[in-house]
Amino acid sequence: MGDTQDCRPVLGDAEMSLICLADFEAYAKENLPKATWEYYAAGADECCTRDDNLQAFRRIRLRPRMLRDVSVMDTKTTVLGEEISCPIGIAPTAFHCLAWPDGEMSTARAAEALNLLYVASTYATCSVEEISQAAPEGLRWFQLYVYRDRKLSEQLIRRVEALGFKALVLTVDVPYTGKRRTDIRNNFRLPPHLKVKNFEGVFEGHSGPDNYGVPVNTLDPSVSWKDICWLRSVTKLPIVIKGILTKEDAELAVVYGVQGIIVSNHGGRQLDGELATIDALSEIAEVVQGRIEVYLDGGIRTGSDVLKAIALGAKCVFLGRPIVWGLTYKGEEGVKGILQILTDEFRLSMALSGCRNVSEVNRNLIHVAKL
């Protein structure tokens with residue numbers, strides 16, 4: 001009977017005051033400069049979608065099963081054939097050095113230590129080379145955009161291929177940047193000592209306006225499904241599309257031969273009023289029918305959130321803002337703290353719902369309200 005004790009979160013004395021992700025959020029809000037906090041926290045327009053990402057999880061109710069012998073628990077799963085310790089990964093978010101001096105290198109080390117997947121952002125403040133060197137054994141994917149100058153995208157692909165990144169994550173929901181009011185009010189800019197390191201030297205001599213560290217109009221708004229064909233022609237790496245919210249686009253993703261979809265609304269930072277990701281997940285999982293892998297980001301704050309997403313068809317979930325909160329607290333140790341708390345909460349939620357391993361987490365766990 002005492003075996004379920006193993007499911008309770010374990011923290012060192014120093015961390016006892018930070019026992020859930022919301023505690024790290026409060027710490028980060030208190031300790032980051034106002035403009036930096038508001039950059040990370042920002043949603044588009046009125047922030048309805050950003051907030052709905054969280055509220056949508058709270059609307060979902062679970063149907064736990066009892067007397068299932070949960071004395072031995074296993075949270076392991078795989079993503080594109082690679083084993084990870086838990087179906088939790090780190091989403092691509094920009095500018096980690098704003099939160100902690102060695103930024104993405106600390107993030108990579110934390111993911112490596114816990115055997116979890118880290119998706120490095122194009123807009124990192126450490127280069128892909130520095131990230132790889134910091135965590136040489138870590139499982140890494142690379143997030144990229146399609147640029148007007150396709151050579152920019154291709155050069156990044158060549159670099160990450162050589163460094164052993166295992167997949168490309170193409171962000172498809174930013175033909176233009178969403179209107180983030182706080183960034184406009186704060187005239188948000190990277191401080192002079194920080195750069196988008198993956199583009200170091202690329203835009204030398206550029207003196208015009210910039211958009212989050214790169215020249216305005218670098219992104220290509222003409223990007224379309226045919227660019228998936230282009231991407232497949234220039235790399236053998238698996239391609240995961242990030243930013244899908246409908247079954248129609250999910251079906252097209254399968255048709256165009258990608259290996260995975262991240263159901264994402266960019267943390268509510270693009271089109272305000274679009275679906276919360278957990279609300280979009282079911283129809284996408286149903287149409288895909290296991291032909292490619294489906295993942296989710298947006299709104300994950302507790303272990304039961306992870307459980308709900310896996311039950312509704314996600315193979316893995318990704319954390320964005322909470323990683324930055326962990327960095328703000330204590331760099332690598334803070335990120336490890338965030339990931340460990342969420343892993344422990346997920347294990348406990350699995351046990352309390354009667355699931356011994358991830359393959360037992362399915363749609364039957366979700367209560368469907370009668371209309």
Side-chain angles (χ1 to χ4, degrees), residues 39-40 42-44 49-50 53 79-80 89-96 104 117-125 128 131 140-150 152-157 159-160 165-180 196 198-199 211-214 216-232 234-235 237-246 249-250 252-253 256 258-271 274-275 277 280 284 292-298 316-321 323-324:
Y39 164 72
Y40 288 136
T49 296
R50 179 198 67 181
N53 274 346
V79 284
L80 299 183
I90 298 178
T93 53
F95 308 155
H96 288 194
E104 289 85 0
L117 169 61
Y118 169 36
V119 185
S121 169
T122 285
Y123 284 74
T125 35
V128 285
I131 290 166
R140 288 180 306 280
W141 295 354
F142 180 69
Q143 173 272 334
L144 83 158
Y145 294 96
V146 174
Y147 295 102
R148 288 175 192 268
D149 179 359
R150 295 289 189 276
L152 266 186
S153 303
E154 202 169 337
Q155 284 161 4
L156 284 170
I157 291 166
R159 285 164 67 187
V160 300
F165 283 69
K166 297 291 189 185
L168 296 176
V169 176
L170 179 68
T171 298
V172 297
D173 57 3
V174 191
Y176 301 96
T177 305
K179 183 178 179 180
R180 301 162 199 170
V196 179
N198 289 319
F199 291 139
N211 187 36
Y212 298 106
V214 303
V216 170
N217 298 327
T218 305
L219 291 172
D220 188 351
S222 78
V223 67
S224 70
W225 286 101
K226 70 179 187 306
D227 291 294
I228 305 299
C229 303
W230 168 78
L231 198 54
R232 289 183 63 196
V234 298
T235 185
L237 286 177
I239 296 164
V240 175
I241 295 187
K242 176 178 178 287
I244 299 297
L245 288 170
T246 63
D249 281 343
L252 282 167
Y256 277 86
V258 305
Q259 280 68 47
I261 289 168
I262 303 180
V263 179
S264 174
N265 54 32
H266 219 98
R269 292 160 79 84
Q270 283 298 103
L271 175 65
E274 63 189 353
L275 280 170
T277 51
I284 289 170
I292 60 177
E293 295 190 355
V294 176
Y295 319 109
L296 173 138
D297 71 19
C316 180
V317 302
F318 290 94
L319 288 183
R321 293 180 181 93
I323 298 303
V324 174

Are the side chain of Gln259 and the backbone N or O of Val240 linked by a donor-acceptor pair below 3.5 Å?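 Not confirmed, Gln259 side chain does not pair with Val240 backbone.
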
Keeping Arg140 on the side-chain end and Ala120 on the backbone end, is there a donor-acceptor pair under 3.5 Å?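 It does not hold such a pair.
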
Rounded at 0.5 Å granularity, tell me how far [atom1] in [X] sits from [atom2] in [Y].
X	Y	atom1	atom2	value
Thr49	Leu271	OG1	CG	6.5 Å
Leu144	Leu152	CG	CG	11.0 Å
Ile157	Leu168	CD1	CG	5.5 Å

Using side-chain hydrogen bond (donor to acceptor under 3.5 Å, both in side chains) as the criterion, list what pairs up with Arg150, not counting sequence neighbours.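 Scan of Arg150 (side-chain hydrogen bond (donor to acceptor under 3.5 Å, both in side chains), adjacent residues dropped) gives Asp220, Asp227.
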
Looking at residues at least two apart in the chain, or sitting in another chain, which of them share a side-chain hydrogen bond (donor to acceptor under 3.5 Å, both in side chains) with Tyr212?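 side-chain hydrogen bond (donor to acceptor under 3.5 Å, both in side chains) list for Tyr212, sorted by chain: Asp183.
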
side-chain contact (heavy atoms from CB on, under 4.5 Å) between Leu237 and Lys166, worked out: CA-CA 7 Å; Leu237 286 177; Lys166 297 291 189 185; 5.7 Å; no

Taking all heavy atoms of Leu80 and all of Ala167, pick out the closest pair and write down the distance.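 Taking Leu80 first and Ala167 second, the nearest heavy atoms are CD1-CB, 4.0 Å.
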
Give the minimum heavy-atom separation between Val128 and Val160, together with the two atoms involved.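 Minimum heavy-atom separation between Val128 and Val160: CG1-CG1, 3.8 Å.
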
With no hydrogens and no angle check, just 3.5 Å: does a side-chain donor-acceptor pair link Thr177 and Asn211?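 Indeed, the side chains of Thr177 and Asn211 share at least one donor-acceptor pair under 3.5 Å.
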
So do Val174 and His266 actually touch side chain to side chain, heavy atoms under 4.5 Å?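 Of all side-chain heavy-atom pairs linking Val174 with His266, at least one is under 4.5 Å.
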
Over 60° means perpendicular and under 30° means parallel, so classify the ring planes of Phe318 and Tyr295, tilted if in between.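 The arrangement is perpendicular - the two ring planes meet at more than 60°.
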
Give a yes or no on whether Arg148 atom CZ has more than 12 heavy-atom contacts from other residues, nucleotides or ligands under 6.0 Å away.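 Yes.
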
